[in-house]
Amino acid sequence: MFEFLENLDSLHQGFWYIALGSGLFFLIQTILTFIGTDHSADLDGDVSHDTPFQLFSLRNLINFLLGFGWGGVAFYNSIESKGLLIFVSIVIGIAFVVLFFFLIIQILKLTEDNTFKQDDLIGKVGEVYLTIPSKMSGKGKIIISLNGTSHELQAMTESEENIPSNYSVRVIYIYDKTLIVAKI
């Protein structure tokens with residue numbers, strides 16, 4: 001099956017064995033990830049699963065070896081100095097680990113909870129849309145942005161004066177699902 005490796009020198013063979021072995025293990029990890037198998041306790045080797053950014057894990061070792069092995073295979077005939085070839089392969093392996101971290105960060109951004117919660121508006125600034133009457137004598141409306149989404153919500157003020165349209169207000173607290181605001 002691997003007859004082509006017999007005629008190669010030992011360094012080139014080593015790169016091929018590392019590339020093929022880590023590639024196979026990476027493929028198994030990827031398949032298990034996509035089918036949803038909880039393989040993290042058995043294969044990952046992480047101490048804690050609170051954070052995906054653990055430098056010394058089995059997954060990062062496989063990513064490093066994947067880059068190292070295939071980097072060595074790819075540049076073996078291009079770089080004559082074996083020391084420089086090993087250095088370039090190490091840099092490629094580190095780049096694979098960094099790339100993995102970057103991809104995980106991008107994936108985690110997709111899992112953010114952007115559920116609208118009024119309590120998250122306390123301290124935020126909005127703009128009056130419909131005049132807010134003074135001394136809690138009636139309700140107006142403000143437009144306020146949270147997590148990149150604008151919301152039109154009812155608001156009241158404890159102020160002695162009305163707050164007209166287009167004024168900036170800050171949410172002080174929430175009472176009975178109505179924002180209590182103050183003029184800025």
Once you round to the nearest 0.5 Å, how far does [atom1] of [X] lie from [atom2] of [Y]?
{"X": "His151", "Y": "Ile144", "atom1": "NE2", "atom2": "CD1", "result": "9.0 Å"}
{"X": "Asn60", "Y": "Ile94", "atom1": "CG", "atom2": "CD1", "result": "11.5 Å"}
{"X": "Tyr173", "Y": "Asp119", "atom1": "OH", "atom2": "CG", "result": "14.0 Å"}
{"X": "Leu103", "Y": "Leu99", "atom1": "CG", "atom2": "CG", "result": "4.5 Å"}
{"X": "Gln118", "Y": "Leu179", "atom1": "CD", "atom2": "CG", "result": "5.5 Å"}

Quick check: are there more than 12 heavy atoms from other residues, nucleotides or ligands sitting under 6.0 Å from [atom1] of [X]?
{"X": "Phe75", "atom1": "CZ", "answer": "no"}
{"X": "Gln106", "atom1": "CD", "answer": "yes"}
{"X": "Lys124", "atom1": "NZ", "answer": "no"}
{"X": "Lys117", "atom1": "NZ", "answer": "yes"}

When you group the ILVMFWY residues by side-chain heavy-atom contacts below 4.5 Å and let the links chain together, are [Y] and [X] in the same group?
{"X": "Ile143", "Y": "Ile122", "value": "no"}
{"X": "Ile92", "Y": "Phe101", "value": "yes"}
{"X": "Phe96", "Y": "Ile90", "value": "yes"}
{"X": "Val181", "Y": "Ile174", "value": "yes"}
{"X": "Ile132", "Y": "Ile172", "value": "no"}

I'd like to know if the side chain of Tyr167 pairs up with that of Asn162 as donor and acceptor (distance under 3.5 Å, no hydrogens or angles considered).
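No pair is found: no donor N or O on one side chain lies under 3.5 Å from an acceptor on the other.
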
Test item: side-chain donor near acceptor, Tyr175 and Glu158, under 3.5 Å
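No donor-acceptor contact under 3.5 Å links the two side chains.
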
Could you tell me whether the side chain of [Y] reaches within less than 4.5 Å of the side chain of [X], counting heavy atoms only?
{"X": "Arg59", "Y": "Gln29", "answer": "yes"}
{"X": "Ile180", "Y": "Met136", "answer": "yes"}
{"X": "Val73", "Y": "Trp70", "answer": "yes"}
{"X": "Leu121", "Y": "Leu146", "answer": "yes"}
{"X": "Ile184", "Y": "Val125", "answer": "yes"}
{"X": "Thr149", "Y": "Phe116", "answer": "no"}

Quick one, Leu153 with Lys141, criterion side chain to side chain contact (heavy atoms under 4.5 Å, CB included). Give me CA distance, side-chain angles, the key distance, then yes/no.
CA-CA 5 Å; Leu153 301 168; Lys141 289 194 175 188; over 6 Å; no

Between the main-chain N or O of Ile18 and the side-chain N or O of Ser22, is there a donor-acceptor pair closer than 3.5 Å?
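It does hold such a pair.
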
Ser89 side-chain N/O to Gly72 backbone N/O, donor-acceptor pair under 3.5 Å
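Yes; at least one donor-acceptor contact below 3.5 Å.
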
Shortest non-hydrogen separation from [X] to [Y] and the atoms involved:
{"X": "Arg170", "Y": "Gly123", "value": "NH1-O, 2.7 Å"}
{"X": "Leu11", "Y": "Lys82", "value": "CD2-CD, 3.7 Å"}
{"X": "Thr178", "Y": "Lys139", "value": "OG1-NZ, 3.4 Å"}
{"X": "Ile142", "Y": "Ala155", "value": "CG2-CB, 3.8 Å"}
{"X": "Gly69", "Y": "Ala19", "value": "C-CB, 3.6 Å"}

Of the options Thr30, Leu20, Leu58, Leu66, which is the one that meets Phe25 in a side chain to side chain contact (heavy atoms under 4.5 Å, CB included)?
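With Phe25 as partner, side chain to side chain contact (heavy atoms under 4.5 Å, CB included) holds for just one option, Leu58.
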
Do the ring centers of Phe15 and Phe68 come within less than 6.0 Å of each other?
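Yes, the ring centres sit under 6.0 Å apart.
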
Criterion salt bridge (Lys or Arg N to Asp or Glu O under 4.0 Å) on Lys135 and Glu161, from CA distance to verdict
CA-CA 7 Å; Lys135 290 191 173 191; Glu161 58 186 62; over 6 Å; no

With Ser81, which residues qualify under side-chain contact (heavy atoms from CB on, under 4.5 Å), at least two apart?
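Here the qualifying residues are Leu84.
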
According to side-chain hydrogen bond (donor to acceptor under 3.5 Å, both in side chains), does anything in residues 10-21 pair up with another residue at least two apart or in another chain? List the pairs.
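side-chain hydrogen bond (donor to acceptor under 3.5 Å, both in side chains) check on residues 10-21 returns His12-Trp16.
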
